[in-house]
Amino acid sequence: MSLSPSSPASAPGLVLAAPASGSGKTTVTLALIRALTRQGVRVGAAKVGPDYIDPAFHAAAGGRACVNLDGWAMPDPLLEALAARLAADTDLVLCEGVMGLLDGAVAPGQPGHDPRADGSTAALAARLGWPVVLVVDARGMAASAGAVVRGFRDVRPDVTVAGVIFTRAGPGLHADTLRAAVAALAPGLPVLGVIPRDARLALPSRHLGLVQAGEHPDLDAFLEHAADLAAAHVDLAALRALARLAVSPSTVPDRAPRLLPPPGQRIAMARDEAFAFVYPALLDGWRAEGAEVVPFSPLADEAPAADADAVYLPGGYPELHGGRLAGASRFLGGLRAAAHRGAAVFGECGGYMVLGRGLEDADGRRHAMAGLLPVETSFAQPRLHLGYRAAVTLAETPFGPVGTRVRAHEFHYARAVQEDPAAGAVFAVRDARGRDLGTVGRRVGSVAGSFMHLIAREDPGMSGAHAHGYKTALSSPSEPAS
């Protein structure tokens, strides 16, 4: 099924971008998704780049899973297939950008910069052909807002900035001044809306971003209020009229595209407030290949399924729940039992911390963890680790043999205070600019992990763990590290 303009199954799309982080683009995106959904529009939500938190809010606003589209980490066929599949099942795609419009993994002028694949919102808009609606924070600006809008409209000829929405506008004549400034300095560019300041549009945050959608006690009321403001202050019909079909010649895949191969046939996956960082598209791809995903809650002291041939611990916030996890005997015992029987056990970021010997929380209290990897981690002295990673496996993992190339991302404040070098490293890593970052992660028997969130393989056609014989390639089942 083609993505050409003649295809009735392909929905047009828009990208909601901003000059900088903190401009209100997440709130505007949520408001528009909910307002349009109330009108009966099937909105397909997307998010540029590696983000687990904002997409959960998108899903809550529209009732549909959000798709992450990552122009740096995803090969072109995968990126386009995800976009095509999203467009084939909706009436309108709204894609929230990341940071500022031009901000990506490598800045213009730096070594290795590729304007078509730098991970920026602008690069993704150019590749997929979706026009941009610029979301501009109007605080502290009046006539100068027109110059800001004009600069972003003209900076990249391959990116169409089709309209602007102002946020946090002041009372009185502020809205009129903003509209007049754009008309004078960026003529022809429509101001789609001016949303006034409203303290009720604030969302609580913590160290990795917004407090998770599932933890927000009044999320639906927040979304309804935001939608009311959008309906009152944004021309929704004019917004929809600006959307365009993607220009990519990709076809809609018959089944969900694969980011990573499934690590097993029956996959026990940790899933609760401590282990929430997983892309729905990843799980869709696993299921499309016939794998079964069986969720369990470590915080509820549930053990992974006893017949699972793989256990997946995604990232999240285990550092906020160290005491509960340390006391979850069924959960920790189930992890050890899975490792003992040779199941593929893999942990990312928070999952890696839990597979280790101990986790130190922000107050300096140490909590004993599963002890399957010779790793001690700490959140007592937070230090930001952030950035894209290009990794090559140094050991067999559930996602491929030695030499498998993957794209990944790090975003955490915890650190490893001890990683026993006797346990083999899992990945050799470079950053987005190609700088050597050494080796990361540890593996003992069938248990492995690292602080990285894996996004996609560079060679997505390779088969998964249950096909290439991961377990039989291991010399012996893993035992708890001592």
Side-chain angles (χ1 to χ4, degrees), residues 49-52 68-79 104-106 111-112 114 117-119 257-263 277-279 281-282 285-286 310 312-315 344-353 355-356 373 375 377 384-412 414-416 419-421 423-444 446-465 468 470 473-474:
D51 190 318
Y52 297 97
N68 288 75
L69 301 173
D70 198 313
W72 187 88
M74 295 177 179
D76 280 355
L78 173 60
L79 182 72
V106 183
D114 179 353
D118 62 5
R258 174 214 274 182
L259 281 76
L260 296 166
F277 292 174
V278 62
Y279 295 128
L282 175 72
W286 288 355
Y312 175 51
L313 303 179
V345 181
F346 194 84
E348 292 185 347
C349 200
Y352 179 56
M353 296 163 68
L355 291 175
L373 294 176
V375 176
T377 56
L384 178 61
H385 301 78
L386 174 65
Y388 279 118
R389 305 290 183 251
V392 180
T393 56
L394 301 174
E396 184 94 353
T397 77
F399 305 112
V402 175
T404 300
R405 295 183 177 274
V406 295
R407 294 292 179 100
H409 188 259
E410 277 193 75
F411 186 14
H412 58 94
R415 58 193 177 93
E419 287 178 307
D420 190 341
V426 183
F427 301 99
V429 178
R430 293 182 179 273
D431 69 8
R433 294 176 61 180
R435 295 176 296 188
D436 187 359
L437 301 181
T439 61
V440 301
R442 289 293 182 268
R443 193 193 89 165
V444 175
S446 65
V447 182
S450 80
F451 270 113
M452 297 190 303
H453 299 277
L454 305 186
I455 299 174
R457 286 212 320 209
E458 293 186 7
D459 48 356
M462 295 178 67
S463 59
H468 68 60
Y470 171 66
L474 300 172

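- With rounding to the nearest 0.5 angstrom, the CG atom of L384 is 10.0 Å from the CD atom of E410.
- With values rounded to the nearest 0.5 angstrom, Y352 atom OH is found 8.5 Å from T377 atom OG1.
- The two residues E419 and G441 come nearest to each other via the heavy atoms OE2-N, 4.4 Å.
- At least one side-chain heavy atom of W286 sits less than 4.5 Å from a side-chain heavy atom of Y312.
- Contact between V106 and A432 at its shortest, heavy atoms only, is CG2-O, 3.6 Å.
- The nearest pair of heavy atoms linking A456 to P75 is CB-CD, 4.4 Å.
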Verdict with reasoning, H409 to H453, per ring-ring contact (aromatic ring centres under 6.0 Å, His included): CA-CA 5 Å; H409 188 259; H453 299 277; 7.4 Å; no
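- The two residues G449 and V426 come nearest to each other via the heavy atoms O-CG2, 3.9 Å.
- Residues F451 and R415 form no side-chain contact, since every pair of their non-hydrogen atoms from C-beta on lies 4.5 Å or further apart.
- Side chains of R407 and M74 form no contact here, defined as non-hydrogen atoms less than 4.5 Å apart.
- Rounded to the nearest 0.5 angstrom, N68 CG and D51 CG are separated by 6.5 Å.
- Between Y279 and P50, the shortest heavy-atom distance links the atoms OH-CA, 3.2 Å.
- Rounding to the nearest 0.5 Å places OG1 of T397 at 9.0 Å from CZ of R443.
- One finds the CD1 atom of I455 at 4.5 Å from the CG atom of D70 (value rounded to the nearest 0.5 Å).
- One distance of note links CG of D431 with CZ of R389; it measures 6.5 Å at 0.5 Å rounding.
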Step-by-step side chain to side chain contact (heavy atoms under 4.5 Å, CB included) determination, L373 to V447: CA-CA 7 Å; L373 294 176; V447 182; 3.9 Å; yes
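- Side-chain N or O atoms of T393 include one that pairs as donor or acceptor with a backbone N or O of T404 at under 3.5 Å.
- Note: F346 and F427 have perpendicular aromatic rings, judged against thresholds of 30 and 60 degrees for the angle between ring planes.
- Residues A344 and P398 approach most closely at CB-CG, 3.9 Å, considering heavy atoms.
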